[in-house]
There are 2 protein chains.
Amino acid sequence: MLEIQGLIQVLKAEGYRVTQPRKRVLEALALAQRPVSPYDIQKMLLQEGSYLNHVTIYRILDLFCLLNLAHRVSLVGGFVKCTLGAKEGCHRFMVCRQCGVLREFADKALCEEENEIAQDLGFHTERHFSEFSGLCSNCQV
Amino acid sequence: MLEIQGLIQVLKAEGYRVTQPRKRVLEALALAQRPVSPYDIQKMLLQEGSYLNHVTIYRILDLFCLLNLAHRVSLVGGFVKCTLGAKEGCHRFMVCRQCGVLREFADKALCEEENEIAQDLGFHTERHFSEFSGLCSNCQV
DNA sequence: GGCTTAATGCAACATTGTTGCATTAACGGA
DNA sequence: TCCGTTAATGCAACAATGTTGCATTAAGCC
């Protein structure tokens, strides 16, 4: 499991413990490949015979978001495993409204442009957050 | 109340009734000027002595979003009264993380650029959704 | 003013999210 | 490899978000 190797490294590097629940939640996210809710994760794991308290799942997801191991996707609701490196800075999502598949990407030019627009409105931008929804290549028919 | 005049026109034009609860929710949104949750709205109205069931508030907010009278802001959670015309197409938000003030804007050039990027990923974009958070001119000190 | 029916209220429920405290298990050192 | 420390999890209890079906009310027509 390459996924788990990465998890172990990130957690250890930041001084967090590598626990069973954390490994299981990451596996569930990796398996889903599209946004899943905390409740979805709980059900997925239950089917495999392992119970996690919902409080635990929320805390793990909070930690994962903090460590850039996962992202919250607002447009559809739910969390996805991060596929980009932490250093990329801004993270954007393209979600298919039909099949739910998600692609993550980063675009520096877009970031700069957005900063300028915000500046014109008197704002100093810290976080960019953008999601597009539409149809993926498979669902366009 | 100019707000209410606009509401009456939009609702009548689309064949919806102009009811007390709908007028009250719009007034609350207009008064807030920043994202407020359905629960916030219920409490605001309660302070003015009028009770609305939470189900009613959810249904009214759904309708307002459909009619472009309000928007859901994901970054901070909550709803805001729409300040742009429905014809503007894509709507974007800039929220101040300090005071919560919100500015809505549209940028056609940005939309086109985003469409191109999505195209390169094989996606056909339908909805653009972008929110920036940072500091407004007042809070930058 | 009365009729029709859209809109609201209510009951009941599922999901999301938070806090405090008891219990468990990760992991570093003996 | 056991043992102690303490981070992490589980549990209880709660608040907020959100949905559905059905009874009741009131908006807007005549």
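So you know, we letter chains A, B, ... as the sequences are listed, proteins then strands, and number each from 1.
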Enquirer: Measure CD/A/Q42 against C1'/D/dT9 and give the value in whole Å, please.
Expert: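 A/Q42 atom CD is separated from D/dT9 atom C1' by 13 Å.
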
Enquirer: Side-chain heavy atoms under 4.5 Å apart, restricted to Ile/Leu/Val/Met/Phe/Trp/Tyr: what other residues fall into the cluster of B/L46, or is it alone?
Expert: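 Besides B/L46, the hydrophobic cluster comprises B/Y51, listed by chain and residue number.
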
Enquirer: Roughly how many Å is it from CG in B/L66 to P in C/dA7, rounded to a whole number?
Expert: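 To the nearest whole Å, that distance equals 12 Å.
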
Enquirer: Once you round it to whole Å, what is the distance between P of D/dA7 and CZ of A/R22?
Expert: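 A/R22 atom CZ is separated from D/dA7 atom P by 11 Å.
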
Enquirer: NZ of B/K43 versus C1' of D/dA15: gap in Å, rounded?
Expert: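 It works out to 10 Å between those atoms.
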
Enquirer: For C/dT8 and B/R24 - does any side-chain N or O of the residue sit under 4.0 Å from the phosphate oxygens OP1/OP2?
Expert: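 Result: no.
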
Enquirer: Looking only at atom types and distance, does a side-chain atom of A/R24 sit under 3.5 Å from a main-chain N or O of A/L52, one as donor and one as acceptor?
Expert: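 Answer holds: no.
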
Enquirer: Whole Å only: how far is the CD atom of A/Q20 from the C1' atom of C/dT24?
Expert: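 Nearest whole value for this atom pair: 13 Å.
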
Enquirer: I need the residues from residues 52-65 of chain B with at least one non-hydrogen atom less than 4.0 Å from DNA chain D; give them sorted by number, or say none.
Expert: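 Those residues are B/H54, B/V55, B/Y58, B/R59.
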
Enquirer: Using distance alone, with no hydrogens and no angle criterion, decide if B/S37 and B/D40 have a side-chain donor and acceptor under 3.5 Å apart.
Expert: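 Yes, B/D40 and B/S37 have a side-chain donor paired with an acceptor closer than 3.5 Å.
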
Enquirer: Which word best sums up how the rings of A/F105 and A/F132 line up, parallel for under 30°, tilted for 30 to 60°, or perpendicular for over 60°?
Expert: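 Taking A/F132 first and then A/F105, their aromatic rings sit tilted (interplane angle of 30° to 60°).
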
Enquirer: Give the rounded distance in Å between these two atoms: NZ of A/K12 and C1' of C/dA26.
Expert: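 Rounding to the nearest Å, NZ of A/K12 and C1' of C/dA26 are 9 Å apart.
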
Enquirer: Closer than 4.0 Å, any side-chain N/O of B/S37 to the OP1 or OP2 of D/dT17?
Expert: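 Yes, within the criterion.
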
Enquirer: Check this one for me: any side-chain N or O of A/R17 less than 4.0 Å away from OP1 or OP2 of C/dA25?
Expert: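 So the side-chain polar atoms of A/R17 never come under 4.0 Å of the phosphate oxygens OP1 or OP2 of C/dA25.
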
Enquirer: Taking atom types as modelled and ignoring hydrogens, do the side chains of B/H124 and B/Q119 form a donor-acceptor contact shorter than 3.5 angstrom?
Expert: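 Per modelled atom types, B/H124 and B/Q119 side chains form no pair under 3.5 Å.
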
Enquirer: Any side-chain donor paired with an acceptor under 3.5 Å for A/S130 and A/R92?
Expert: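 The answer is yes; a qualifying pair exists.
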
Enquirer: Please tell me if A/R72 has a side-chain N or O lying less than 4.0 Å from either OP1 or OP2 of C/dG17.
Expert: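 Result: yes.
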
Enquirer: Residues two or more places apart in sequence or in another chain: which of them pass salt bridge (Lys or Arg N to Asp or Glu O under 4.0 Å) with A/E131?
Expert: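 A/E131: no salt bridge (Lys or Arg N to Asp or Glu O under 4.0 Å) contacts found.
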
Enquirer: Rounding to an integer number of Å, can you tell me how far B/I41 CD1 sits from D/dG18 P?
Expert: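 To the nearest whole Å, that distance equals 11 Å.
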
Enquirer: Does a nitrogen or oxygen in the side chain of A/Y39 sit under 4.0 Å from OP1 or OP2 of C/dT15?
Expert: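 Result: yes.
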
Enquirer: Name the residue closer to the 5' end of DNA chain D, choosing between B/P38 and B/V18 according to the nucleotide with the nearest heavy atom.
Expert: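 Counting from the 5' end, the first nearest nucleotide belongs to B/P38.
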
Enquirer: Indicate whether OP1 or OP2 belonging to C/dA25 is found under 4.0 Å from a side-chain N or O atom of A/T19.
Expert: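 Looking at the OP1 and OP2 atoms of C/dA25, neither is under 4.0 Å from any side-chain N or O of A/T19.
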
Enquirer: Return the value, rounded to whole Å, for the distance between atom CG of B/D40 and atom C1' of D/dT17.
Expert: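 So the two atoms are 12 Å apart, to the nearest Å.
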
